[in-house]
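Input: a single structure, listed below in structure tokens.
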Amino acid sequence: KRLIETNPIAFYELVEVARDSTHRPFGSTGEVLADLGLLERRTDETWSVDRSIRNIVISAVTGEGLDMALGNPLAS
């Protein structure tokens, strides 16, 4: 939850990479997310998200673009 508050661009980029493995993060955002342990750089200079992180991101985030929201995937 802190990432969306402290670095919304990085949050957006994490969601985009989780949703689309061919997405390339903007600027140095890939490195920021890698430093947080949320992304890994592949040898072909693309980025990957660990499957467990990807599943959590996909389950917890709704909406697109500026309408993205973080929720509890277990709440009904």
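Along the sequence shown, residues are numbered consecutively beginning with 1. When reading the values below, keep in mind they use all heavy atoms of this one structure, side chains included, and skip hydrogens, waters and symmetry mates.
For residues 10-20, every residue pair satisfying the side-chain hydrogen bond (donor to acceptor under 3.5 Å, both in side chains) rule, not counting sequence neighbours, is listed here: E13-H23, R19-E64, D20-T22. Residues in residues 27-37 take part in these side-chain hydrogen bond (donor to acceptor under 3.5 Å, both in side chains) pairs, two or more places apart or across chains: E31-R41.
Considering L36, I9, L3 in turn, L3 is the only one that fulfils the side-chain contact (heavy atoms from CB on, under 4.5 Å) rule with L14. Partner of V17 under the side-chain contact (heavy atoms from CB on, under 4.5 Å) criterion, chosen from L38, I53, V57, V49: V49.
For the pair S48/L39, no side-chain contact is recorded, criterion being any heavy-atom separation below 4.5 Å from C-beta on.
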Requested in this report: Show your reasoning for whether side chain to side chain contact (heavy atoms under 4.5 Å, CB included) applies to F11 and V61.
Outcome: CA-CA 10 Å; F11 173 78; V61 176; 3.7 Å; yes
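The side-chain contact (heavy atoms from CB on, under 4.5 Å) search around T46 returns R24, R42, D44, not counting sequence neighbours.
Pairing each heavy atom of P25 with each of G30, the nearest pair is CB-N, 3.6 Å. In plain terms, the two heavy atoms of L33 and A10 that are nearest each other are CD1-O, 3.5 Å.
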